[in-house]
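The structure appears right after this line, and notes come after that.
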Number of protein chains: 2
Amino acid sequence: MKYDPREYPPFAVAVDLAVFTIRQGVCAVLLVERGVDPYAGCWALPGGFVRADESAEDAATRELAEETGLAPFPGHLEQLRTYSTPNRDPRMRVVSVAYVAFAPDLPTPRPGGDVVRARWWAVDELAPSTERPRLAFDHDRIVADAFERVAAKLEYTPLATAFCPAEFTLGELQAVYEAVWGVSLDRPNFRRKVLATPGFVERVEGAAPQVRGRGAPAALYRAGKATALHPPLLRPEGARSFRVG
Amino acid sequence: MKYDPREYPPFAVAVDLAVFTIRQGVCAVLLVERGVDPYAGCWALPGGFVRADESAEDAATRELAEETGLAPFPGHLEQLRTYSTPNRDPRMRVVSVAYVAFAPDLPTPRPGGDVVRARWWAVDELAPSTERPRLAFDHDRIVADAFERVAAKLEYTPLATAFCPAEFTLGELQAVYEAVWGVSLDRPNFRRKVLATPGFVERVEGAAPQVRGRGAPAALYRAGKATALHPPLLRPEGARSFRVG
DNA sequence: TCAAAAGTGTTTTTAGTACACCCATGG
DNA sequence: CCATGGGTGTACTAAAAACACTTTTGA
């Protein structure tokens, strides 16, 4: 490769975060309202520029801690993909590395910096067929890709546990699957499947705290050591899977 | 977001291509030998810088056509992930968006530009336990990630057909699976599985050309319209799946 | 005592596996 | 005529789906 400067035009590199959680049985994503142009007043994914001395992963981790106020972040963070359409940001050439985070129920973040407001949006509120907010840049596309990634990851990894607190019941775990996939699952079969998969969950000895409502007290589990599910827990036919835009 | 220039330090953005094919029943990846420092004499993935007016996808498509000499490229191209460790390129800050390509057997590319040589490397030649060539930058990591992506994609998409010519026999399709996964599959069961999956392959009327060796003439198929396999074709336990480095 | 949630059991259906076997072709 | 690859059939096994049922708690 030659050193002709025209061969490597300068780009700004940013990260965008699609942080998902389950609140009241509904899958939701965190958006912030932009206070400045471009797209002032629009909702956008939280994010920021990658600094000169850090990797995109570092930038995503840093922004995630800033945005949620929690360090270390208790959930799961992974790279989604990179968006690089030339005019996706009208100000300048910005390449954005998008990340997906799976979070247990977090406190609603306090606004700060250029952010006017921040709130959780149920994924249904952003679904294509509904009246939905206008998102900044290509963030509707990123949200759709991110949500599809979340739904797919639940099939072949145990990452549904990343939506739960450190100790959880099988009912809570099932609620994660049902919220993300938009279906109801057969409880006995779900239970058998989870317990039959080595390393998915580990039993925690001790009674279940009876703060979670009526019914018999449930056994508590924590996340196991497996990183993949063999065989996978495939979503049923009618499961939700939307494309925004 | 403010317009403080320190917030968006300049980066060079590059694409790297991990192009895989099946040759003589072996899965192989295309590498080029670098002629200039850094890493002169090392083998590297083909790639180049993203130009000011194109997306990373465009750059990958362009490089793929240049590298293989074929436009349009007959196989499948998809984004893998982005690598952004601060010192991955000693010259300057380079963020690289890596792509994976699935190719039918291509002619060995002619060198050109800064490339001294180019050749196909069997994935076994790059496996961790063997004496293997030193790869430039973090390309051993990218190759490993890319190969894992290929092996996984065969499970739940019909993209094995992208390794085959436009018309192919079920034996050739099975050979793709066996080469990538490093296992032998039961032919009757593989056949049933493929034919039972709607949209995986379509029958092509007409006889099979008897140029492919001995045995009875095989029926010809072409790729179907499905984009995913329901249910997936999971690799057996002993299937190959290596991490380089 | 009833609704809600946890947990167990059983039957049916489906998908996957492991084979044995015949056919067509080229050397 | 036999090795090689294509194609069919069939029995066995494992997993998934559907659903009935008991238990434990809070209201």
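Bear in mind that the values here come from a model prediction, so they are computed numbers and not experimental data. A, B, ... follow the sequence lines: proteins, then strands. Residue 1 opens every chain.
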Q) Is B:Glu202 salt-bridged to B:Lys225, going by a charged N under 4.0 Å from an acidic O? A) yes
Q | Nearest-neighbour nucleotide for the B:Pro188 side chain, C:dC23, D:dG7, D:dT8 considered | A | D:dT8
Q: Show your working on side-chain contact (heavy atoms from CB on, under 4.5 Å) between A:Leu185 and A:Tyr177 and close with a plain yes or no.
A: CA-CA 8 Å; A:Leu185 302 174; A:Tyr177 278 89; 3.7 Å; yes
Q. Roughly how many Å is it from CZ in A:Arg214 to P in C:dA4, rounded to a whole number?
A. 6 Å
Q: May I have the distance from B:Leu220 (atom CG) to D:dG6 (atom C1'), rounded to whole angstrom?
A: 12 Å
Q | Rounded distance (Å) that lies between atom P of D:dA16 and atom CG of A:Leu195 | A | 14 Å
Q: Check the distance between C:dT17's P and B:Leu185's CG and give it to me in whole angstrom.
A: 9 Å
What does the list of N/O pairs under 3.5 Å between the protein and nucleotides 10-13 of chain C look like, with a distance for each?
| residue | atom | partner | partner atom | Å |
| --- | --- | --- | --- | --- |
| C:dT10 | O4 | A:Arg192 | NH2 | 3.4 |

Q: With DNA chain D as reference, determine whether B:Asp186 or B:Gly171 sits nearer its 5' end, using the nearest nucleotide of each.
A: B:Gly171
Q.
Could you tell me if the side chain of A:Val183 sits less than 4.5 Å from the side chain of A:Arg235, heavy atoms only?
A. no
Q) Checking A:Glu172 side chain against A:Thr169 main chain: does a donor-acceptor pair fall under 3.5 Å? A) yes
Q) Starting at CD of A:Glu178 and ending at C1' of C:dA5, how long is that distance when rounded to a whole Å? A) 13 Å
Q: Mind checking A:Pro231 for me? I need base, sugar-phosphate or nothing, with any heavy atom below 4.0 Å counting as a touch.
A: sugar-phosphate
Q) Can you find a donor-acceptor N/O pair under 3.5 angstrom joining the side chain of A:Arg187 to the base of C:dA6? A) yes
Q) Should B:Arg81 and B:Glu148 be marked as a salt bridge (charged side-chain N to carboxylate O under 4.0 Å, His left out) after you check the CA-CA gap, both sets of side-chain angles, and the distance that decides it? A) CA-CA 12 Å; B:Arg81 60 166 288 155; B:Glu148 177 57 28; over 6 Å; no
Q: Using only side-chain N and O atoms of A:Lys193, determine if any of them is under 4.0 Å from OP1 or OP2 of D:dA15.
A: no
Q: For B:Glu155 and C:dG16, give me the distance from atom CD to atom C1', rounded to whole Å.
A: 15 Å
Q: Could you point out which residue of B:Phe73, B:Phe20, B:Phe163 forms a ring pair (Phe, Tyr, Trp, His ring centres under 6.0 Å) with B:Phe102?
A: B:Phe163
Q. Are OP1 or OP2 of C:dT8 and a side-chain N or O of A:Arg191 less than 4.0 angstrom apart?
A. yes
Q. Expressed in angstrom and rounded to an integer, what is the separation of B:Gln174 atom CD from D:dG6 atom C1'?
A. 11 Å
Q: Take atom CZ of A:Phe190 and atom C1' of D:dC19, then tell me their distance rounded to the nearest Å.
A: 19 Å
Q.
Among residues at least two apart in sequence or on other chains, which ones pass ring-ring contact (aromatic ring centres under 6.0 Å, His included) with A:Tyr221?
A. none
